[in-house]
Amino acid sequence: MTRFRTLATLFPLALAASAVHTGAEAGAIVAGPMVGYSTMREVAVWVQTDAEARVQLRYRAKGASGPYQESREAHTFAESFHTAHLVATRVEPGTVYQYQVLVDGQPQARPYPLEFRTQPLWQWRGDPPAFRFALGSCAYINEARYDRPGTPYGSDYQIFGHILAQQPAFMLWLGDNVYLREADWNSRSGIYRRYAQARALPELQPLLGSVHHYATWDDH
C-alpha cells in the first residue's frame with residue numbers, strides 16, 4: 001500500500017490552477033504542470049522542465065471560443081532545478097478555465113484535461129458555496145536503486161486516480177509529501193531531485209493538472 005491516507009469531504013468555497021509540455025527542440029516538461037493557489041483574481045501553476053527554457057501559461061474560460069489570455073513569461077534555470085511558477089492574472093471570479101503551458105513558445109499537449117478555477121464572489125450575495133476537497137499524507141514513490149532493501153514501501157498509486165474521480169476542488173497535502181532517501185538529504189540538488197521524481201509519477205499527473213494543491217512542510 002502507498003501508505004497514503006485520503007479523505008474527501010464537503011464544505012464551502014472553491015479553488016484551482018495548472019501547466020503543460022515542450023516543443024521539438026525545447027526542453028521537455030518533466031514534472032507537472034501542477035495547479036497551485038487560487039483566488040478571485042489570480043491562479044498559480046507550477047512546472048518543471050528538463051533544461052533551461054521559456055515557459056508561459058495560455059488560458060481561457062472553459063467552453064469559450066475567443067482568444068486566449070497569457071501569463072507573463074518565466075524562465076526555468078538550473079539554479080532552481082528548472083522550475084517555475086506561472087500566474088494567471090486576467091481571470092474573473094467563479095470561472096473554470098482551460099489552460100496550456102508553452103515551452104519556448106510551443107504548446108505542450110497532455111492526454112488529460114488541464115483546468116483551474118477561480119474562487120466565487122459570494123460575500124454579501126449569498127451563502128458560501130459548498131465544495132469538496134481531499135486530504136492526504138505519506139506519499140512514498142518507489143525508486144528501487146535508492147530504496148532501502150526489502151519490500152518496497154510504496155505501491156497502489158492508482159489511489160491518485162480515485163481521488164481525482166471524486167472531483168475535489170483542491171487537495172491538502174498534510175505531511176510526508178515526499179520521502180527523502182539517504183542519497184538525497186545532504187544536498188540541495190538531492191532534495192530537488194526527489195521532489196521531481198515524486199511529482200513526475202504518471203498516475204499523479206492528471207490530479208496535479210486540474211486540482212488545486214496546498215501543502216504543509218514536514219520532516220521528510
Side-chain angles (χ1 to χ4, degrees), residues 13-121 168-173 177 188-189 191-193 195-196 198-200 204-217:
L13 211 85
L15 305 112
S18 233
V20 176
H21 186 102
T22 131
E25 304 186 7
I29 289 178
V30 294
M34 178 171 69
V35 181
Y37 69 81
S38 168
T39 72
M40 296 181 195
R41 288 298 193 188
E42 67 180 44
V43 170
V45 175
W46 174 92
V47 67
Q48 182 177 36
T49 60
D50 67 350
E52 292 190 3
R54 295 177 291 107
V55 292
Q56 191 174 23
L57 196 63
R58 175 187 287 174
Y59 56 95
R60 67 183 176 190
K62 187 174 182 178
S65 58
Y68 285 95
Q69 301 293 340
E70 294 182 343
S71 70
R72 294 183 62 179
E73 192 174 78
H75 289 75
T76 65
F77 296 108
E79 293 77 13
S80 56
F81 222 61
H82 304 119
T83 61
H85 289 88
L86 304 172
V87 182
T89 58
R90 298 178 179 179
V91 295
E92 292 295 325
T95 305
V96 178
Y97 290 85
Q98 296 173 311
Y99 71 90
Q100 300 174 322
V101 173
L102 308 183
V103 177
D104 290 336
Q106 299 299 314
Q108 306 305 302
R110 282 290 189 260
Y112 49 82
L114 293 178
E115 297 180 356
F116 60 77
R117 72 180 64 236
T118 51
Q119 295 192 32
L121 178 59
F170 60 91
M171 172 84 187
L172 301 178
W173 296 76
N177 305 321
R188 185 168 178 262
S189 60
I191 293 171
Y192 267 123
R193 186 188 178 286
Y195 271 89
R199 295 295 174 261
L204 179 58
Q205 293 300 300
L207 181 66
L208 297 181
S210 62
V211 173
H212 297 270
H213 294 270
Y214 301 84
T216 61
W217 289 102

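Heavy atoms only: backbone and side chains are in, while hydrogens, waters and symmetry mates are out.
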Exercise. Applying side-chain contact (heavy atoms from CB on, under 4.5 Å), run through His213 and Leu208 and close with a yes or a no.
Key: CA-CA 7 Å; His213 294 270; Leu208 297 181; 3.7 Å; yes
Practice prompt. List the steps and the verdict of side-chain contact (heavy atoms from CB on, under 4.5 Å) for Tyr37 and Val87.
Written response: CA-CA 10 Å; Tyr37 69 81; Val87 182; 4.0 Å; yes
Could you walk me through whether Arg199 and Asn177 satisfy the side-chain contact (heavy atoms from CB on, under 4.5 Å) test, starting with their C-alpha distance in whole Å, then the side-chain angles of each, then the deciding distance to 0.1 Å, before giving a yes or no? CA-CA 10 Å; Arg199 295 295 174 261; Asn177 305 321; 4.0 Å; yes
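In this structure Ile191 satisfies the side-chain contact (heavy atoms from CB on, under 4.5 Å) test together with Leu180, Tyr195, sequence neighbours excluded. For Glu73, the side chain to side chain donor-acceptor pair (under 3.5 Å) partners are Arg54, not counting sequence neighbours.
Within the 4.5 Å cutoff, no side-chain heavy atoms of Leu114 are placed close to those of Tyr59. Residues Gln56 and Arg72 have side chains not in contact (no heavy-atom distance under 4.5 Å, counting atoms from C-beta outward).
Between Arg41 and Glu92 a salt bridge is recorded (basic side-chain N to carboxylate O distance below 4.0 Å).
Minimum heavy-atom separation, Val96 to Arg117: CG2-NH1, 3.3 Å. Smallest separation of non-hydrogen atoms from Val55 and Leu86: O-CD2, 3.7 Å.
A donor-acceptor contact shorter than 3.5 Å links the side chain of Gln119 to the backbone of Ser38. Judged by distance alone, the side chain of Ser210 and the main-chain N or O of Glu115 form no donor-acceptor pair under 3.5 Å. Not a single donor-acceptor pair under 3.5 Å links the side chain of Ser71 to the backbone N or O of Thr89. Judged by distance alone, with hydrogens and angles left aside, the side-chain atoms of Thr76 form no donor-acceptor pair with the main-chain N or O of Ala84 at under 3.5 Å.
Between Glu52 atom CD and Glu79 atom CD the span is 6.5 Å, to the nearest 0.5 Å.
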